[in-house]
Amino acid sequence: MKRVLDMRIREIEINDYDEMYRLWTRIPGIGLSSADSRSNIQKFLLRNKGLSFLCLEGEKLIGTVLCGHDGRRGYIYHVAVDEDYRGKGIGRALVEKSLNQLKTEGINKCHLFVLVDNSIGNSFWTSLGWTKREDIFVYSKANLINKLQY
Ligand SMILES: CC(C)(COP(=O)(O)OP(=O)(O)OC[C@H]1O[C@@H](n2cnc3c(N)ncnc32)[C@H](O)[C@@H]1OP(=O)(O)O)[C@@H](O)C(=O)NCCC(=O)NCCS
């Protein structure tokens, strides 16, 4: 018999961190770093209230989207859906929630980063109508915080 899913989407709270982090660590394609510590995610959620969402089946966390903006452009991170629940429109629904919230805050454009070899991720964003930029390189600078404080 086909199982009926009891799914709902709600805003992410910092209390969801442990379960979210567990989901992210078991999903290839989600690049994690020190930027994803509990305190950094807490700062991110505080600075970007109402923009990041998760999907639950019952009490089980099965999907996430982190979204923020800097006043000019929106940014999306960590769109992840538990492998057992893929292909049911959950990823699309999470992204739509965040984009609708960006719209209400007057943000007209959103960017995201996908690893070049993440074929599932790249197909997903293409299916959702996002444009892959061929005209931009991403430049990064690390170690801005000098660990030796005098
Ligand atoms: C990418 C991911 C979030 C998709 O979640 P999902 O809930 O299965 O996606 P949806 O069911 O909402 O699919 C939306 C669209 O993407 C396309 N898509 C999803 N997975 C796909 C795949 N494996 N291959 C090709 N297209 C795919 C679907 O065709 C669908 O288009 P349609 O609605 O026109 O049929 C999920 O596979 C995942 O967590 N992947 C690992 C993490 C990752 O790569 N995240 C994105 C990079 S930041």
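Each ligand, and each atom within it, is numbered from 1 in the order the structure gives. Computed over heavy atoms, backbone and side chain alike; hydrogens, waters and symmetry mates excluded.
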*Path from W24 to F53 over hydrophobic side-chain contacts below 4.5 Å*: no
*Co-membership, hydrophobic cluster, residues Y85 and Y21, 4.5 Å side-chain*: no
*Are side-chain heavy atoms of K97 and V65 found at a separation under 4.5 Å?*
no
*Are any of the side-chain heavy atoms of N48 and L66 separated by less than 4.5 Å?*
no
Looking only at protein heavy atoms, which one is nearest to [atom], and what is the separation?
atom                    : value
atom 5 (O) of ligand 1  : V81 CG2, 3.6 Å
atom 18 (N) of ligand 1 : F124 CA, 4.2 Å
atom 23 (N) of ligand 1 : I120 CG2, 3.5 Å
atom 24 (N) of ligand 1 : S123 CB, 4.0 Å
atom 28 (C) of ligand 1 : S127 OG, 4.0 Å

Please list, in number order, the atoms of ligand 1 under 4.0 Å from a heavy atom of [X].
X   : value
A80 : 39 (O)
I90 : 7 (O), 12 (O)
I27 : 41 (C), 42 (C)
R86 : 8 (O), 36 (C), 37 (O), 38 (C), 39 (O), 40 (N), 41 (C)
G87 : 6 (P), 8 (O), 11 (O)
K88 : 11 (O)

*Could you tell me how the ring of Y75 sits relative to the ring of F113: parallel (under 30°), tilted (30 to 60°) or perpendicular (over 60°)?*
parallel
*Okay, side chain of S98, backbone of L51: is any donor-acceptor separation there less than 3.5 Å?*
yes
*Looking only at atom types and distance, does a side-chain atom of N40 sit under 3.5 Å from a main-chain N or O of S34, one as donor and one as acceptor?*
yes
For [atom], which candidate among [options] holds the nearest heavy atom?
atom                    : options            : result
atom 34 (O) of ligand 1 : E96, E83, R92      : R92
atom 43 (C) of ligand 1 : L66, N118, L94     : N118
atom 3 (C) of ligand 1  : L23, V79, I30, I62 : V79
atom 7 (O) of ligand 1  : G91, P28, G89      : G91

*Only one of V81, N118, V114, V79 passes side-chain contact (heavy atoms from CB on, under 4.5 Å) with F124; say which it is.*
V79
_Close approach, L128 and ligand 1, non-hydrogen under 4.0 angstrom_ = yes
*Is W125 near ligand 1, meaning one of its heavy atoms is under 4.0 Å from it?*
yes
_Candidates Q101, K109, E105, R47 - the one meeting side chain to side chain donor-acceptor pair (under 3.5 Å) with H69_ = E105
*asked:* Check this for me: does any side-chain nitrogen of one of R72 and D70 sit under 4.0 Å from a carboxylate oxygen of the other?
replied: no
*Look at R26 together with E19 and state whether they make a salt bridge at an N to O cut-off of under 4.0 Å.*
no
_When you measure from atom 26 (N) of ligand 1 to the protein, is at least one non-hydrogen atom found at a distance under 4.0 Å?_
yes
